[in-house]
Amino acid sequence: MSDYPMGDKTEWLVDRPAERPAHWFLFAHGAGAPMDSDFMQALAELLAARGVGVVRFEFPYMAERRVNGGRRPPNKMEVLLASFQAQIDRVHAELQPGALFVGGKSMGGRVASMLAQDNFDRGKVAGAVCLGDPFHPQGKPEKLRTEHLQSMTCPTLVVQGTRDRLGSRDEVAGYGLSAAVECHWLEDGDHDFKPRRASGFSQRQHWESAAERAVSFMRARGL
């Protein structure tokens, strides 16, 4: 079941399982698509069907785009970080989650991972789940965004397509990620987990695999 409770900063899209969840996932969108894109909608529904409560929100630039139309670039990183942190605090205030995990699609997952360690140290989150991590900008593999992932102790799951142009399996193997960062690979998947037909897999299968692995990860590290 989904609903849109109004908040003082942004609307939420909440997917609630049939029974009160022990685990909640604060799920942020990527740079180019909103919180109700096909990817976000599918993953939220798959997670909720497996007993995880999901809260989606939009960063300021995307919320403005929804109201005024037109395309806007993402906010500066400090704004994205502050926006995500405000939602972490709000989830605790309004939902009193048993175990809260943070994460997102692409850019949303990157922002979550940058906040995860501090919030983990303070007991506010139990871990992070990044779906299609933008380890580097497309076409610029030398511009790595991995420094914070090399020293993390916060349990972190990265679900990644093996041919993701923002970090393929062969590339990620050489990044020296912390032992706390676990990668789950989706064979032949791209940045949206879509495989080529010849692979024998479908995008839906990969979305379901991502949800299954994320739920297992949360259950192993939550309450």
Side-chain angles (χ1 to χ4, degrees), residues 1-2 5 7 10 12-30 35 39-59 80-134 148-149 151-160 177-184 186 193 207-223:
M1 177 176 120
S2 298
T10 182
W12 276 354
L13 180 55
V14 182
D15 290 82
R16 303 175 186 272
E19 299 182 1
R20 181 177 175 82
H23 307 83
W24 283 91
F25 182 46
L26 182 55
F27 190 15
H29 59 81
M35 65 180 175
F39 183 100
M40 296 286 291
Q41 187 69 28
L43 267 293
E45 291 176 355
L46 288 166
L47 290 169
R50 289 161 173 77
V52 173
V54 183
V55 176
R56 285 175 275 169
F57 71 96
E58 289 182 337
F59 293 111
L80 299 176
L81 290 167
S83 175
F84 206 126
Q85 184 63 55
Q87 298 309 312
I88 294 173
D89 297 339
R90 183 179 163 201
V91 167
H92 277 281
E94 297 188 20
L95 297 178
Q96 294 84 47
L100 177 63
F101 292 81
V102 294
K105 170 73 172 80
S106 191
M107 182 193 77
R110 180 188 174 209
V111 177
S113 70
M114 294 173 71
L115 291 169
Q117 187 66 54
D118 180 61
N119 282 278
F120 177 72
D121 291 342
R122 293 189 289 141
K124 301 197 77 168
V125 306
V129 178
C130 306
L131 304 172
D133 195 291
H148 68 290
L149 298 175
S151 59
M152 287 185 74
T153 60
C154 172
T156 301
L157 172 67
V158 175
V159 181
Q160 196 87 348
L177 303 181
S178 162
V181 179
E182 171 188 341
C183 291
H184 176 69
L186 301 174
F193 303 163
W207 285 353
E208 291 178 353
S209 176
E212 285 284 352
R213 186 67 198 90
V215 171
S216 296
F217 173 83
M218 292 181 202
R219 287 176 177 166
R221 291 157 183 82
L223 296 178

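Residue indices begin at 1 and follow the sequence shown.
Nearest heavy-atom pair, C154 versus A180, reported as atom, atom and distance to 0.1 Å: O-CB, 3.7 Å. Taking all atoms of both residues into account, the shortest heavy-atom contact from V52 to P21 is C-CB, 4.4 Å. Here the shortest heavy-atom pairing between P97 and V91 reads CD-O, 3.5 Å. Scanning both residues, H148 and S113, for their nearest heavy atoms gives NE2-OG, 2.8 Å. Closest of all the heavy-atom pairs between A210 and F193 is CB-CE1, 4.0 Å. Closest approach of V111 to L80, counting heavy atoms only: CG1-O, 3.8 Å.
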When you look at R213 and E182, which way does the side-chain contact (heavy atoms from CB on, under 4.5 Å) test go after all the steps? CA-CA 11 Å; R213 186 67 198 90; E182 171 188 341; 2.4 Å; yes

Yes or no on side-chain contact (heavy atoms from CB on, under 4.5 Å) for M218 and W24, after CA distance, side-chain angles and deciding distance? CA-CA 9 Å; M218 292 181 202; W24 283 91; over 6 Å; no

Intermediate values then yes/no, side-chain contact (heavy atoms from CB on, under 4.5 Å), V102 and N119: CA-CA 10 Å; V102 294; N119 282 278; over 6 Å; no

Would L13 and F27 satisfy side-chain contact (heavy atoms from CB on, under 4.5 Å), going step by step from the backbone distance to the final call? CA-CA 10 Å; L13 180 55; F27 190 15; over 6 Å; no

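Using a 4.5 Å cut-off on side-chain heavy atoms (C-beta onward), H29 and R56 make no contact. You'll find the side chain of Q87 stays beyond 4.5 Å of the side chain of V55, heavy atoms only. In this structure, the side chains of R110 and C130 stay at 4.5 Å or more apart for every pair of heavy atoms. Residues Q85 and L81 are not in side-chain contact: their nearest non-hydrogen atoms beyond the backbone lie 4.5 Å or more apart. Counting heavy atoms from C-beta outward, S209 and H184 have side chains that approach closer than 4.5 Å. Contact of the M114 side chain with the F84 side chain is not registered, since no non-hydrogen atoms from C-beta on lie closer than 4.5 Å. Put simply, the side chain of F120 does not reach to within 4.5 Å of the side chain of M152, judged on heavy atoms. Using a 4.5 Å heavy-atom threshold, the side chains of F57 and L26 count as touching.
By the ring pair (Phe, Tyr, Trp, His ring centres under 6.0 Å) test, W207 pairs with F39, sequence neighbours left out.
Only one option out of D133, V129, L177 pairs with V158 in a side-chain contact (heavy atoms from CB on, under 4.5 Å); it is D133.
Distance CD/E208 to CG/L43: 10.5 Å, rounded to 0.5 Å.
The closest donor-acceptor contact from the side chain of R221 to the backbone of F217 lies under 3.5 Å.
In the displayed structure, Q96 atom CD is contacted under 6.0 Å by more than 12 heavy atoms of other residues, nucleotides or ligands. The number of heavy atoms from other shown groups lying within 6.0 Å of CZ (R122) is above 12.
Sorted by first then second residue, the salt bridge (charged side-chain N to carboxylate O under 4.0 Å, His left out) pairs that include residues 95-107, not counting sequence neighbours, are K105-D192.
Note on K124 versus D118: no salt bridge recorded, every NZ/NE/NH1/NH2 to OD/OE distance being 4.0 Å or above.
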